[in-house]
Amino acid sequence: MSLLDETVEVPRRTMTLFFLVDTSGSMDGKKIGAVNESIQEVLPMIRDISATNPDAEINVAALQFSTGTSWVYDEPKSADEFEWMDVSADGLTCLGEACEELSGKLSKSGFMKSASGSYAPAIILLSDGEPTDDFDSGLSKLEENKWFKHAIKIAIAIGDDADKEKLAQFTGTSEAVFTVHNIDALKKMIRIVVVTSSQVGSQSSAAGESTKQQQVIEQVQDAQKEEIKPDEPAPGTNNYDDWD
């Protein structure tokens, strides 16, 4: 048998998809229920993207934050192994602490220790309120992290009470903050953002192309026009949100 007949399997790189989920008290009820349901429903799509991608396999990690933070698992799981465990909502909104916790895991000694190498992660932040701790200090530490600098960062603002200015600080641009005003729009947006971030983040990109984050933003905007109709205020009211 010649050397040409030998098949050498080249290890795929990894791309970690991070969920940062606000589980503060204001998320209680249908909001957190929709988040739980949506992540459950999108996981098979992530598994398919990972299984058919020759460039990289996708790992998944999830951090919930309220009065404090906790990881759903102690380390990222492969898309095939990751199972979402429904979370409940209570407490404050410690987004600054979540930033510091994330920064600690975005390292070779943390979650980015793949032997075959890693693409920059994709980070999806979901929140419906304002940080109640020292967000600026936590974000400042996170912004020093090289993995975070190159990551795809998308935020979903759940309703008009979400602090979109802080979310834009997290993502680095207001273009990466997408606001939803009802349960149906929230579910669709989670699916669109997760699938798009998984597809773009787990593929190699040629030099000179737009950043992966910008690619995701543009694709989500296009999908949003097709799938999510603009929310309209109810006649005679200034309340744009409808979570019934």
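None of these values were measured; they are calculated from a predicted model.
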With distance as the sole criterion, is a donor-acceptor pair present between the side chains of Trp71 and Glu101 under 3.5 Å?
yes
Are more than 12 heavy atoms from other residues, nucleotides or ligands located less than 6.0 Å from atom NZ of Lys141?
no
Over all heavy atoms of both residues, which pair between Lys30 and Ile183 is shortest? Give the atoms and the distance, please.
O-CD1, 3.4 Å
Would you say the side-chain atoms of Gln40 pair up with the backbone N or O of Trp84, donor to acceptor, closer than 3.5 Å?
yes
Taking the side chain as every heavy atom from C-beta outward, state whether Asp242 and His181 have any atom pair closer than 4.5 Å.
no
To the closest 0.5 Å, what do you measure between CG (Asp136) and SG (Cys99)?
9.5 Å
Assess, by modelled atom type and distance only, whether the side chains of Ser202 and Asn53 contain a donor and an acceptor separated by less than 3.5 Å.
yes
For Gly159 against Thr179, the heavy-atom pair lying closest together:
O-CG2, 4.2 Å
Hey, could you give me the CZ/CD distance between Phe135 and Glu97, rounded to the nearest 0.5 Å?
14.0 Å
In Å and rounded to the nearest 0.5 Å, what is the CG to NZ distance from Leu167 to Lys153?
14.0 Å
Heavy-atom pair with the smallest gap, counting every atom of Val193 and Ile154
CG1-CG2, 3.7 Å
Spell out, as yes or no, whether a donor-acceptor pair under 3.5 Å connects the side chain of Arg47 to the backbone of Ile58.
no
Do Val194 and Leu63 sit in the same hydrophobic cluster, where Ile, Leu, Val, Met, Phe, Trp and Tyr count as joined when their side-chain heavy atoms come under 4.5 Å apart?
no
Please determine, by modelled atom types, if Thr173 and Thr171 share a side-chain donor-acceptor pair under 3.5 angstrom.
no
Under 3.5 Å, which donor-acceptor pairs do the side chains of residues 145-152 form with other protein atoms, sequence neighbours left out?
residue, atom, partner, partner atom, Å
Asn145, OD1, Trp147, N, 2.8
Asn145, OD1, Phe148, N, 3.1
Asn145, ND2, Ser103, O, 3.2
Asn145, ND2, Leu106, O, 2.8

Scanning both residues in full, the closest heavy-atom pair of Asp133 with Thr93 reads OD1-O, 3.8 Å
Could you check whether Lys166 pairs with Glu130 (Lys NZ or Arg NE/NH1/NH2 to Asp/Glu carboxylate O, under 4.0 Å)?
no
A side-chain contact here means heavy atoms from C-beta on lying under 4.5 Å apart; do Phe65 and Val21 qualify?
no
What are the two closest non-hydrogen atoms of Val180 and Trp243, and how far apart are they?
O-CZ2, 3.7 Å
Donor on one side chain, acceptor on other, Gln64 and Ser70, under 3.5 Å:
yes
Taking a hydrophobic cluster as the set of Ile, Leu, Val, Met, Phe, Trp and Tyr residues connected by side-chain heavy atoms closer than 4.5 Å, whether directly or through intermediates, do Val35 and Val42 fall within one such cluster?
yes
CG on Leu102 to OG1 on Thr69, rounded to 0.5 Å
10.0 Å
Output the distance between atom CD1 (Ile190) and atom NZ (Lys188), rounded to the nearest 0.5 Å.
13.5 Å
Validation: residues 73-83 side-chain donor-acceptor distances under 3.5 Å, sequence neighbours left out:
residue, atom, partner, partner atom, Å
Tyr73, OH, Glu83, N, 3.4
Tyr73, OH, Glu83, O, 2.8
Ser78, OG, Glu81, N, 3.3

Taking only Lys NZ, Arg NE, NH1 and NH2, and the carboxylate oxygens of Asp or Glu, determine whether Arg13 and Asp55 approach each other closer than 4.0 Å.
no
Atom of Ile217, atom of Ala176 and distance for their closest heavy-atom approach
CD1-CB, 3.8 Å
Before you tell me yes or no, could you show the steps for Glu37 and Lys187 under salt bridge (charged side-chain N to carboxylate O under 4.0 Å, His left out), namely the whole-Å CA-CA distance, both residues' side-chain angles and the distance that decides it to 0.1 Å?
CA-CA 8 Å; Glu37 183 178 341; Lys187 290 180 178 179; 3.1 Å; yes
Distance-only polar pair, side chains of Ser66 and Ser24, donor-acceptor under 3.5 Å:
no
